[in-house]
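Below is one structure, written out as structure tokens; the observations come after it.
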Protein chains: 2
Amino acid sequence: MCLQYLRFCAFLEAPNAAIETDHRLTLTSRSASSKPAPSKPATSPRRGVSCFECPLRLRGAFKQKSEDEIALINTLKIDHRRIASGTDIIHGGQEDAELFTLFSGWALRYKSLEDGRRQILNFILPGDLIGLQAALLAAAEYTVEALTDVEVCVFSRRHVWMIFEKAPQLAYDISWLGARDEGFLDDNLTSVGQRTARERIAALVLGLYRRADNLGLVQNKTFLFPLTRQHIADALGLSLVHTIKTWSTLRKAGLFEFKSGQLTLLNPRLTEATAKFYDRERPLRPIL
Amino acid sequence: MCLQYLRFCAFLEAPNAAIETDHRLTLTSRSASSKPAPSKPATSPRRGVSCFECPLRLRGAFKQKSEDEIALINTLKIDHRRIASGTDIIHGGQEDAELFTLFSGWALRYKSLEDGRRQILNFILPGDLIGLQAALLAAAEYTVEALTDVEVCVFSRRHVWMIFEKAPQLAYDISWLGARDEGFLDDNLTSVGQRTARERIAALVLGLYRRADNLGLVQNKTFLFPLTRQHIADALGLSLVHTIKTWSTLRKAGLFEFKSGQLTLLNPRLTEATAKFYDRERPLRPIL
DNA sequence: CGCTATGTTGAGAAGAGTCAACGCGAGTGG
DNA sequence: CCACTCGCGTTGACTCTTCTCAACATAGCG
């Protein structure tokens with residue numbers, strides 16, 4: 001791996017690495033002129049957070065990486081951006097979307113029909129990859145939106161092929177994360193296709209709880225839950241009104257409690273039973 | 001690429017390639033004793049079809065590959081199997097599922113809830129990869145079943161890591177196909193979540209028509225359509241009865257015709273309009 | 001202060017589910 | 001050969017989940 005790392009660095013930093021240089025320029029100028037200027041001052045210094053000091057990767061959920069691997073990832077990380085809640089990270093049809101890792105906050109990925117109906121495909125939590133599909137295929141076929149204020153680590157889509165060529169372990173990790181995402185999609189499709197409204201809501205809550213817990217975001221059965229009812233409705237293929245009614249039925253039944261943006265899973269057992277949820281144990285996952 | 005190929009072959013065929021040798025043994029014995037013996041005589045000679053003579057890859061839908069690349073793929077192909085309709089190709093929970101390419105016929109991938117409800121996640125047509133997710137993650141979280149009699153090309157899951165390590169172009173292609181699959185899943189989820197029954201059925205028919213057409217399987221607006229109403233219901237999250245009623249409404253409205261397993265798309269325009277379908281152009285895709 | 005986004009509740013409509021009866025063709029065994 | 005079953009498709013009648021429309025409450029914000 002050390003060898004690989006050196007090879008890669010040599011490649012990246014060679015003075016004649018014209019493509020790379022070009023690309024950095026492109027990227028900087030784009031981010032400066034990107035359409036809706038983030039409402040907060042974009043005080044993100046280039047590579048604001050070094051991968052060596054990444055607090056995320058210390059969490060129990062992630063596979064340990066060697067110094068060399070982290071060094072390589074750190075080299076590939078071209079930016080660290082803050083994005084205000086509600087802003088698009090990738091928009092449908094975009095052909096130059098970069099590859100991101102969500103560093104903090106929540107995001108969501110959705111797709112719309114022409115008449116405005118929209119389907120939220122999945123929710124994105126810290127450590128998840130954003131835009132792999134968009135980076136591999138020619139254009140993004142979906143939109144990714146920041147659900148809260150978020151921070152993302154940016155990797156150039158132009159490096160993706162290089163990663164495959166020079167850093168197979170990393171390429172493998174990326175594909176692994178892609179496969180994991182596809183697993184979530186499978187779950188969501190099964191939910192929307194087969195479960196009733198109560199089951200869907202219980203399954204969604206439980207699924208997000210488990211993911212948050214895995215990341216150490218749950219304390220005292222409670223975690224930050226930034227979704228509105230509309231988000232839930234859009235994710236589950238239900239109408240807003242029916243979502244609200246079913247949600248409050250479940251709340252009254254004692255499954256969970258929700259106030260001021262915090263969700264508490266009062267009765268995990270009952271929630272599991274309601275959701276017809278069965279969980280697989282997933283092994284430690286790679287990051288970045 | 002030639003260099004890569006040589007390196008790979010050297011690796012595969014080195015006399016001290018203990019793992020590899022082991023693996024072939026394992027594989028042979030497993031396939032001999034695999035649980036439900038295929039109802040048809042398993043007359044598949046090892047590597048029945050050479051990748052050099054692969055009729056599939058001649059189809060217009062696929063990216064051209066160099067001789068070297070084909071040679072490499074041919075080396076990796078460890079078997080060519082016939083599987084009878086209704087048989088599982090990969091079953092949920094399986095930990096040693098190989099990676100396959102569907103050579104001929106149709107297959108489907110599904111997931112069940114404990115109480116028997118099942119969701120068909122997607123349909124698999126010739127040239128599609130089977131089991132990437134299962135090969136990357138520890139165990140398959142879904143079942144893949146042959147919808148018709150099928151033939152598959154078999155690649156060892158044990159080679160997957162080697163592919164990443166030694167044949168980045170191939171690894172990239174595999175990931176590309178994974179991303180494409182995820183795109184189909186996105187579409188299905190959007191359908192099931194947002195479209196009405198008529199829209200869903202029209203979208204499904206149209207989607208399959210396009211995919212079949214792309215493979216050259218459509219003649220005279222007509223193609224082999226092996227799904228039963230139950231399959232359609234399970235894929236679209238509808239009840240059998242409602243599926244049948246809606247299907248026959250659409251048939252009577254002149255969208256399509258269906259007899260003796262052949263579907264004819266009589267009115268593509270109307271079908272598109274009914275489906276609220278919008279199609280992206282996808283570039284040529286890799287195969288194997 | 002009114003604006004907007006979000007949440008809540010009720011009432012009626014409609015889409016989709018369930019149950020049940022029946023037709024039809026393919027296979028199968030007597 | 002027939003009678004039989006079995007899988008699949010079809011249709012009608014009824015039920016119920018979910019949707020839509022609408023009125024109203026609440027909270028944050030310029």
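What's counted below: heavy atoms across the whole structure, side chains too, no hydrogens, waters or symmetry copies. Model, not experiment: these values are computed from the prediction. The chains referred to below are lettered A, B, ... by the order of the sequence lines, with proteins before strands, and numbering in each begins at 1.
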Legend entry - Neighbour count >12 (heavy atoms, 6.0 Å) for atom CZ, A:Arg117: yes

Inset, instruction - Please find the earliest and latest nucleotides of DNA chain C, in the 5' to 3' direction, that have an atom within less than 4.0 Å of any heavy atom of chain A. - result: C:dG7 to C:dA11

Legend entry - Those residues that, when tested against A:Ala235, pass side-chain contact (heavy atoms from CB on, under 4.5 Å) (two or more places apart): A:Ile120, A:Phe123

Inset, instruction - Let me have a per-nucleotide readout for nucleotides 22-30 of chain D, 5' to 3', with B, S or -, counting only protein heavy atoms under 4.0 Å. - result: ---------

Legend entry - Contacts of type ring pair (Phe, Tyr, Trp, His ring centres under 6.0 Å), residue A:Phe103, not counting sequence neighbours: A:His80

Inset, instruction - Let me know the distance between NE2 of B:His231 and C1' of D:dC8, rounded to the nearest Å. - result: 12 Å

I'd like a table of atom pairs between the protein and nucleotides 15-18 of chain D - only N or O on both sides, under 3.5 Å - with the distance next to each one.
| from | atom 1 | to | atom 2 | distance (Å) |
| --- | --- | --- | --- | --- |
| D:dT18 | OP1 | A:Ala197 | N | 3.1 |

Legend entry - B:Thr264: side-chain contact (heavy atoms from CB on, under 4.5 Å) partners, not counting sequence neighbours: B:Lys221, B:Thr222, B:Glu257, B:Leu266

Legend entry - Rounded distance (Å) that lies between atom C1' of D:dT10 and atom CZ of B:Arg229: 10 Å

Inset, instruction - Output every pair passing salt bridge (Lys or Arg N to Asp or Glu O under 4.0 Å) with a member in residues 225-242 of chain B, not counting sequence neighbours, ordered by first then second residue. - result: B:Arg118-B:Asp234

Inset, instruction - Assign B:Arg251 to base, sugar-phosphate, or nothing according to its heavy-atom contacts below 4.0 angstrom with the strands shown. - result: sugar-phosphate

Legend entry - Those residues that, when tested against B:Ser104, pass side-chain contact (heavy atoms from CB on, under 4.5 Å) (two or more places apart): B:Glu151

Inset, instruction - Hey, could you give me each pair passing salt bridge (Lys or Arg N to Asp or Glu O under 4.0 Å) that has a residue in residues 258-270 of chain A? Not counting sequence neighbours. - result: none

Inset, instruction - Please determine, for the side chain of B:Lys245, which listed nucleotide (D:dT10, D:dC8, D:dA13) has the closest atom? - result: D:dA13

Inset, instruction - Would you please name every residue forming a side-chain contact (heavy atoms from CB on, under 4.5 Å) with A:Thr101, sequence neighbours left out? - result: A:Leu129, A:Cys153, A:Phe155, A:Leu288

Inset, instruction - Please name all residues satisfying ring pair (Phe, Tyr, Trp, His ring centres under 6.0 Å) with A:Phe223, sequence neighbours left out, ordered by chain then number. - result: A:Tyr209, A:Phe225

Throw together a table of side-chain donor-acceptor distances under 3.5 angstrom for residues 237-250 of chain B, partners on residues two or more places apart or in other chains.
| from | atom 1 | to | atom 2 | distance (Å) |
| --- | --- | --- | --- | --- |
| B:Ser239 | OG | B:His242 | N | 3.2 |
| B:Thr243 | OG1 | B:Ser239 | O | 2.7 |
| B:Thr246 | OG1 | B:His242 | O | 2.7 |
| B:Ser248 | OG | B:Lys245 | O | 3.2 |
| B:Thr249 | OG1 | B:Lys245 | O | 2.8 |

